[in-house]
Every structure is written in C-alpha cells, then in structure tokens.
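In what follows, chains are A, B, ... by sequence order, proteins preceding strands, each numbered from 1.
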Number of protein chains: 2
Amino acid sequence: MSIKCRNCPIRGLPLFQQMTDSELAFMEGFKVGEMQVQPGTPLLSAGASSPQLFTALRGFGLRYNLLPDGRRQVLSFIFPGDLIGLQSGVMHQMTHHVEATTAMTLCVFNRNQIWSLFRNLPARAYDLTWLAASEERFLGEALTAIGQKSALESLCWALARIYRRLEALKLDDTKSVPLPYRQQDLADALGLSLVHTNKTLARLRERQVATWNDGRLTVNDIHQLEEMGLVESRLPQTRPLM
Amino acid sequence: MSIKCRNCPIRGLPLFQQMTDSELAFMEGFKVGEMQVQPGTPLLSAGASSPQLFTALRGFGLRYNLLPDGRRQVLSFIFPGDLIGLQSGVMHQMTHHVEATTAMTLCVFNRNQIWSLFRNLPARAYDLTWLAASEERFLGEALTAIGQKSALESLCWALARIYRRLEALKLDDTKSVPLPYRQQDLADALGLSLVHTNKTLARLRERQVATWNDGRLTVNDIHQLEEMGLVESRLPQTRPLM
DNA sequence: CGCGTAATTGAGATATCTCAAGACAGGTGG
DNA sequence: CCACCTGTCTTGAGATATCTCAATTACGCG
C-alpha cells in the first residue's frame with residue numbers, strides 16, 4: 001500500500017537529483033511508511049523530540065515559530081520534495097512547529113536510522129548536509145528580505161521564490177501554480193500585517209505583475225517580479241530528494 | 001608554527017564536545033594551515049566558490065548579505081569556535097560575505113577533504129550536519145526576532161544570545177564580555193536603523209539591564225534581559241568543534 | 001438561511017526612519 | 001604639542017511606511 005521509492009511520483013522531476021540503484025534500495029529500507037494527514041494537522045512541535053522525519057510527497061505545509069503571546073513567524077512554506085524534521089533528527093530537539101496546510105502525503109523515516117545512513121551511505125549523508133545548508137541559505141535570504149527590503153520588495157521576493165520552486169515541480173501549466181495558503185500565512189512569513197500584505201498584493205495585481213487568488217498564484221512577468229524583489233540570480237541547482 | 005589540534009586553545013572549553021583520539025588525529029590531517037588576518041579582511045565572498053573552510057580560533061567576524069543598492073543584512077556574528085564556509089563547502093557556492101571585524105586567527109581546511117570526512121569519519125560528518133542544522137535554527141530564531149519582535153525585544157534577544165555564547169567561551173569574567181562591533185553592525189543584524197538602535201541601547205542602559213560600550217557588553221541581569229527578549233529557554237547543548 | 005473564515009477597503013495611530021548637528025576619541029602631520 | 005580629520009556615538013525633530021482598528025463583502029458549509 002505504501003509507494004515504493006522506485007515508483008516515487010516526484011523522483012523523476014528534473015528538480016531532483018537522480019539516485020543510484022543502491023541508494024534507491026537503501027531508501028526503501030529507510031522509509032518506514034507513509035502518512036496521510038488532514039489540513040491543519042500538526043506534524044512536529046517545538047520542544048518535542050520526534051522519532052520521525054518526513055518527506056512531503058504531496059500537499060502543502062507550514063513551518064513556524066510561536067511567541068508566548070501568540071505572534072507567529074512563518075519560517076517557510078513546505079512543498080512536495082521537502083524534508084521535514086532534520087533539525088529534530090540531528091539535534092534531538094525541535095525548535096519550531098510544522099503543520100499541514102492542505103491534505104498531505106508524507107514518507108516517514110525513522111530517526112534512529114540516520115546514524116546508519118552516515119555510517120553506510122556517505123553520499124546520502126552528504127545530501128542531508130546539503131539540504132541543511134540549503135535551508136540555512138534560504139533563511140539567510142529571508143532574513144535579508146524581512147530586515148532590509150520594503151514590503152513590496154519582500155513580497156515580490158517571496159512570490160518569485162515560491163513560483164520558481166513550484167514551477168519546477170510541474171504541478172501545472174506555467175504562469176500559474178497552486179498556492180493554497182491564506183494571506184495571513186504570507187504576512188506572518190514576511191513580518192507584515194495582514195492588511196498591509198493585502199494592500200501590497202493588490203498593487204501587484206493592478207500593475208499586472210502577479211495575481212494570487214483562489215489558491216493559485218499567477219505570474220505574468222517573472223523577470224519583473226524577480227527584479228522588483230531584488231532576487232539574487234543564482235544558477236539553478238538540482239536538489240537531493242530524501 | 002601552526003597549532004596542533006591537540007593543543008587547540010579552545011578545544012577544552014565545556015562549550016565544546018570532546019574529541020576522541022582518532023578524531024583528533026584526523027583533524028590534524030584535515031587542517032591544512034593557519035591564517036592570521038587584519039581587521040576588515042574579507043574571508044569569503046558571495047558568488048565565489050572558495051576552496052577553503054575555516055574555523056575561527058581567535059577574534060571576531062561578521063557574516064552578511066548585500067543588496068545591489070548597498071543595504072546590508074548581517075546574518076550572524078562570528079565568534080571563536082565557529083565554522084566558516086560550510087555552505088560553500090557543500091553547496092559549492094557562497095551566498096553571503098564573511099569578513100573579519102577584529103584581527104583573527106583561523107584554522108584552514110581544505111574543501112576537497114570534506115568528502116573524505118564523509119567517507120571515513122561518519123561521526124565527524126554527523127557533526128558537520130549538526131552544525132548546519134544549528135545555524136538553521138539560529139537563523140529561524142533571528143527571523144522570528146526581526147519579523148515579530150519590537151526593536152527593544154529584538155535587541156534584548158540579540159544581546160542575551162550573544163552574552164550567553166561569549167560567557168561560555170570564558171573569555172573574561174562573567175557579567176562582562178568583549179563585543180568589538182559597531183552599533184551599525186548590530187543595527188544591520190536586526191534590520192533597524194542606526195539611530196533607533198542607539199536610542200534603544202540607551203534605554204537598556206538607563207534601565208540598568210545591559211550596557212554596551214568601548215567594545216564590551218556588560219549584562220547586569222541576564223534573566224531580565226532574556227525575559228525582555230522573549231528568549232526561548234533551551235537546554236544548553238555542547239557543540240562540535242571542527 | 002445563518003454562520004464562520006478569508007479577503008478587502010478606509011482612516012487614524014505609531015514605531016521606526018531619515019535628516020541633521022554636535023560630542024568625543026584616536027590618528028596623523030606639521 | 002597642537003590642529004585637523006575621520007569614524008563612531010549621541011541626541012533632537014520632523015517624515016513616513018507600516019500597523020491597528022473597524023466595517024464591508026464574498027464565499028463555502030451545515
């Protein structure tokens with residue numbers, strides 16, 4: 001009933017690095033199961049030391065921090081192909097929350113086996129480090145957006161980054177990708193108020209740069225969007241899929 | 001002329017995990033040299049693919065992003081014991097800048113050997129991943145500060161974090177640690193203007209919570225500082241030293 | 001049909017920014 | 001030894017991007 005890694009529906013996308021046969025075999029042992037969750041389901045909680053890691057196969061999620069008084073910082077949006085819980089996996093302590101925004105399908109891994117991965121499959125261990133470094137890089141970019149950019153610039157940055165990632169998943173035709181979050185989620189990701197986020201999105205819509213409604217993001221001019229968001233041009237890199 | 005790892009001046013601090021003899025031996029082979037740099041020296045530049053990694057042995061540095069128009073986001077302060085260039089090491093591409101703020105002494109490693117580390121010393125490879133995950137966690141915390149907290153809260157958060165880290169280095173008596181940066185550096189780290197940072201620091205000084213001048217940070221009440229900064233309490237963890 | 005959630009819009013409030021000037025310390029050259 | 005310069009810190013005051021409050025609309029669901 002659980003999908004075999006060799007039949008993984010996203011593995012073949014050009015976004016992801018291809019695996020060798022031995023890696024595939026290892027991953028099928030590493031994977032202990034599959035999980036289907038409803039929208040709103042918490043996957044990991046700060047403070048807890050979860051015994052599991054996940055990879056999102058299908059659906060969308062959210063990673064966030066909470067302050068004691070309820071303020072929320074969204075750290076990142078979770079898309080198919082993302083690894084979830086690496087921090088808890090290697091540091092034995094989760095510091096943020098993860099929850100499913102839509103229904104999701106997740107591959108489940110056993111944290112205890114991480115160590116065997118390091119001992120037996122150095123290439124996969126390296127990939128794990130690559131993913132951690134990649135997250136670090138992303139958060140640095142986000143920090144730069146929130147800390148230095150105007151609301152309009154930040155928004156363009158975020159939408160451009162999201163669009164590029166989702167278009168690589170080929171979930172749909174180009175120009176338009178599914179983005180089933182609330183404006184509040186994006187506001188919390190960018191440290192902006194909901195109202196201001198809404199008004200800034202309206203400006204982008206009027207200017208015919210990008211439109212986000214009914215859970216779909218439509219980008220008319222990705223280059224202009226990236227320019228307005230001061231997105232650093234980068235060589236597109238394929239990423240490992242765990 | 002280059003210090004042997006077994007004589008490393010910071011290795012014995014309780015902040016750091018102790019190494020086994022075989023790890024020590026490996027590290028001495030991994031370390032290809034030592035570097036002394038003057039204040040202001042750039043160590044790594046965005047875009048470049050540096051062949052080297054460093055560990056700060058002595059001195060202070062800065063990690064930052066630049067926008068095309070000169071705005072600067074400081075990502076983190078670099079203290080003795082910090083690994084520098086892991087991103088470039090595993091992703092083959094640097095996305096931020098690193099420079100020395102004070103004179104520094106650095107251990108130099110060869111990027112090419114990272115792979116041999118993964119193949120031969122899984123425990124050390126694991127440590128590398130741990131460090132990357134740790135950076136990721138830190139940046140998430142910073143994001144939460146900049147995105148959600150008030151200027152006063154952010155400042156308290158930053159000073160508390162810095163103080164805790166430096167006191168663990170036992171560079172000096174408690175209550176006071178060296179912090180040889182400019183107010184502009186902290187402002188750029190928190191996404192605040194220099195002027196506002198200055199005025200907020202003045203408030204902390206008046207309230208007798210913390211004082212930062214002449215390159216020294218003096219904390220009168222670390223618990224109040226952490227409380228004001230909404231610092232999440234965390235179990236103190238020792239960290240690997242590369 | 002009524003309710004709850006999300007999006008939208010208007011308008012006044014404010015935390016933070018920008019501009020500007022002065023104080024202070026350290027370094028340099030005459 | 002003094003005059004000058006530069007970089008950093010400090011302080012005041014007006015400007016503004018963004019926030020908060022509040023009301024309205026739209027929509028899906030039971």
Ring pair (Phe, Tyr, Trp, His ring centres under 6.0 Å) between Phe60(B) and Phe79(B), intermediate numbers included: CA-CA 5 Å; Phe60(B) 296 82; Phe79(B) 301 134; 5.8 Å; yes

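If you measure from atom CG of Asn198(A) to atom P of dT25(D), you get 16 Å, rounded to the nearest angstrom. In this structure, CG of Leu204(A) is placed 16 Å from C1' of dT8(C), rounded to the nearest angstrom. Between Arg182(B) atom CZ and dC9(D) atom P the separation is 7 Å, expressed in whole Å. Rounded to whole Å, atom C1' of dC9(D) lies 11 Å from atom CH2 of Trp212(B).
For Tyr181(B) and Phe77(B), the ring centers are positioned less than 6.0 Å apart.
Side-chain contact of Glu226(B) with Trp157(B): a donor-acceptor pair under 3.5 Å is absent, judged by distance alone. Arg111(B) and Ser49(B) form a side-chain donor-acceptor contact under 3.5 Å, judged by distance and modelled atom types alone. In summary, the side chains of Gln183(A) and Thr197(A) do not present any donor paired with an acceptor at a separation below 3.5 Å, with no hydrogens or angles considered.
For the pair Arg72(B) and Tyr64(B), the cation-pi criterion (under 6.0 Å, within 45° of the ring axis) is fulfilled.
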With B for base contact, S for sugar-phosphate-only contact and - for none (protein heavy atoms under 4.0 Å), nucleotides 17-24 of chain D reads -SSBB---

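For the contact set between residues 154-163 of chain B and DNA chain D, defined by any heavy atom under 4.0 Å, there are no members.
Close to dT8(C), at under 4.0 Å from its OP1 or OP2, lies a side-chain N or O of Gln183(A).
A donor-acceptor pair is defined here as one N or O able to donate and one able to accept, closer than 3.5 Å; no such pair exists between the side chain of Asp214(B) and the backbone of Arg216(B).
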